[in-house]
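Chain A is the first sequence line, chain B the second, and so forth, proteins listed ahead of strands; every chain is numbered from 1.
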Amino acid sequence: MKVYASILKIRLLIGMQYRSAAWAGVATQFFWGFISIMVFEAFYEFAAVTPPISLRELITYIWLQQAFLAFIMLWFRDNELFDLITSGNIAYELCRPTDLYGFWYAKLLAQRLSSALLRCYPILILAFFLPKPYNLTLPPNVSTFILFVVTLLLGLLLLVAISMFLYISVFITLSPMGSLLVFGVLGEFFAGLIIPIPLMPLWLQKIAYVLPFRWTADFPFRVYSGHITQNDAVIGVFIQLGYLLGLLWLGKLALNSVLKRVVVQGG
Amino acid sequence: MIKVEGITKSFKVAKRSTGLLQAAKALVHREHTIVEALKEISFTIEPGEIVGYIGPNGAGKSTTIKIMSGILVPDGGTCNILGYTPWKNRVEYVKNIGVVFGQRSQLWWDVPVIDSFELLKDIYKIPQPEYKSTFDLLIETLELKEIINSPVRQLSLGQRMRCEIAASLIHNPQILFLDEPTIGLDAVSKIAVRQFIKTINQEKGVTVVLTTHDMNDIEALANRVILIGKGSLLYDGNLEELRKRFGSQKTITADYRKNPNPIDIAGTSVISWSPEHVVLSIDTEQTLSSEVITKLSSQLELLDVTIESQPIEDIIIQLYKEFQI
Amino acid sequence: MNLYFKYLLILFKSQMQYRTSFWLLSIGQFFIPFSVFAGLYFLFERFGQIKGWNFFEVALCFAIIHMAFSLSECFARGFDTFSSLIIKGDFDRVLVRPRSTFLQVLGSKFEFTRIGRLAQSAIVLLWALNNLPIEWSLLKIVTLFFMITSGVLIFTGIYMLAATMCFWTVQGLEVANIFTDGGREMAQYPLNIYQKWVARIFTYVIPFGTVNYLPLLFILGKTNGNDLLYMLTPIAGSLFILPCFLVWQFGVRHYRSTGS
């Protein structure tokens, strides 16, 4: 546990060295959020039928998305790890006295956590103080907020577990491009990052609900706005947990089997 | 040909912060310090010279080279090279010089070397006949024929450096600036690159200014050195003079028939001793080496004696120490 | 210009050393905006229109800005990735060569894989044009061409501004994404769907409005007033690159006096 804490601390330190990068990131995401909201506002203005998610809820959805981008983006990647795998220097990594899956998982988790910690506050605070109707609103009650925090964190753990497969796949393909493409494009689409899942056609929604991606982003954000009821949220937490345990188990299994290949081939 | 007078240059450097708290503070405000890279540097270089420009890291070598090659504008002082002020009329001036940065490549990595040369021909607007003759000369004198058609990424570091230098000469410059041309090369490649530089200097009369950390480069190439430390010029003259002035230390190594008595001769200090072998260090300004040998032979049955001057490397290290740079 | 093509040629030769990776990346570039376009399509499937614009009109907007974006990313990549030139110290090399810094930086890098994105947006363009009842004239075709060109010039101008920032700091360049990626996202839709002040900024300050919204009105026959004025807006927008050029020159001068 101590190892993981120190990884996080180093990441935070590194992150702070790049202060202007952090500010630039905040500005970019803020702008991005604004544009998306205005686009949706324009769509909603002359909507013939009432859309399945209100503009209010949608705005909340978008701001949370921007604030916690580091929690939900699959292309947010660690090139160091890719280099490690493709260059064959992975052999050194195997000499470390820690479990490789756990170590990488912690590293990736720390990157996302530190990045989000540095960037989420300015966006959240600014979004709160925006004039109506563009502002971020508080969740309807305290229990919803608690549920949001729980689902968001579980979502993060789940996302890191998913992203581990990206790195594992590189052992086989030896180039991160293909995996990044599939994971990046499909994963983000089905996490509701391009358009929110409730606005998708029904047949697409059905696919999205089966895949694990939406549990990392779409689900916590809709819990926050109350679009997903508390009861459903509690059930959702168990589904998240189920996915998480399943993917962790699968990931470890997959990593061990690809590592065995590496050892056999002599790195 | 090159006349540098009173060049000064200072930089603003941001202080690096350590620790979480300081890092957080640096988010808002960052402190700066002013570093004087060059203080009133002056020298003149005549056509056809090879000049070694030496000094420890951060002494201001690269800054000087950058000013002389027109990349940087100094804070003060004048510089006249071939009638130009390097930092004015950049485009006109740089046609007359070649620059090699040892740590960076100017060749296009994935294509054969010859393609890079062809592109340089267009960059420098060299007329075809002139290009052809320079190219042939370079290929021949520098024995590049075999490697010219391979992509740069397949060349060894030594071959690459030779191509780099050739590339800087394709437009027939009168002056060649070499910033650490032998960095990272193995011993054999180093010798090849030195030979190369020498050939160019002799065959084409190109004036060469080179910076290096390897004193063997200087010894092999330059009869003149300019030593710079902490931004100031410390020495400008030939190598022999430098050796005479600062290299008064000599080492005497002697083998002899077994003798258990330790050796103690006035004016010398013992570096290592065994019953059959001794290494002494003497200062020739105080003691003559012949005197020491006479004393040794009176005490011992000598088998073999060698006298070595101090390697130039050591002289430089000693110099750095002396000037506290 | 001749030299620019020589640069293009040598870098294309280099790129062709890595064919597989080139094709993979190009396919990637094909699909990335594809998912965005799919999102757009689904939104129209649900809402039918956006402030009176129909799907194919917006698709035309989308295609034009994405084409301009991919072309500028391909041909002005040297400025887009200028920070690496600074970090590696290779800008010094540029300065010891007797050619303009602009041309040399432009020629330092090309991103040929953007052909994928270009292909994707070209398909969208053809699809949209096929489904729009436009009365074509020579002027309209010329305008369409101008639109894409002015888009390329504006994106290039923004890259140059961001590149100029590198002379002071190589951090925080992400902020330029607001205007490149952000501008691209925004200009996917006709400008008048946004709030007035946003539309104004992106017409008068960074003239993305002149790339597609204003001339689009002319092409679609939605103008009220002087057609010629609408038609010429892309040319006015192209002027954006001129001040960027001056800023760049200023940056180079700063670099040469500080060497940072």
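For C/Val252, no part sits under 4.5 Å from any heavy atom of chain B, backbone or side chain. Contact annotation for B/Val100: only backbone heavy atoms (N, CA, C, O) come within less than 4.5 Å of a heavy atom of chain C. Residue contact with chain C, scored on non-hydrogen atoms closer than 4.5 Å, is absent for B/Pro74.
Although no hydrogens or angles enter the test, the distance criterion places a donor-acceptor pair under 3.5 Å between the side chain of C/Arg93 and the main chain of B/Val99.
How far OG of B/Ser116 is from CD1 of C/Ile10: 4.5 Å, rounded to the nearest 0.5 Å. Rounded to the nearest 0.5 Å, atoms OH (C/Tyr255) and CD1 (B/Ile71) are 6.5 Å apart. Of the inter-residue distances, the one linking B/Lys66 atom NZ with C/Asp92 atom CG reads 4.0 Å to the nearest 0.5 angstrom.
At most 12 non-hydrogen atoms from other residues, nucleotides or ligands lie less than 6.0 angstrom from CZ of C/Phe145. By the neighbour-count criterion of 12 heavy atoms within 6.0 Å, atom CD of B/Gln128 is densely surrounded, having more than that number from other residues, nucleotides or ligands.
Within residues 98-105 of chain C, the residues approaching chain B closer than 4.5 Å by heavy atoms are, in numerical order, C/Pro98, C/Arg99, C/Ser100, C/Thr101. Of residues 11-25 of chain C, those residues with a non-hydrogen atom less than 4.5 Å from any non-hydrogen atom of chain B are, in numerical order, C/Leu11, C/Lys13, C/Ser14, C/Gln17, C/Tyr18. At a heavy-atom separation below 4.5 angstrom, chain C is approached by B/Leu120, B/Asp122, B/Ile123, B/Tyr124, B/Lys125 within residues 120-127 of chain B.
When each of C/Lys88, C/Arg97, C/Arg253 is checked for heavy-atom pairs under 4.5 Å with chain B, C/Arg97 comes out on top.
Nearest approach of B/Arg90 to C/Val96, heavy atoms of both residues: NH1-N, 4.4 Å.
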Show which side-chain atoms of residues 152-164 of chain C pair as donor or acceptor with protein atoms under 3.5 Å away, not counting sequence neighbours.
unit_1: C/Thr156; atom_1: OG1; unit_2: C/Val152; atom_2: O; d: 2.6
unit_1: C/Thr164; atom_1: OG1; unit_2: C/Met160; atom_2: O; d: 2.7

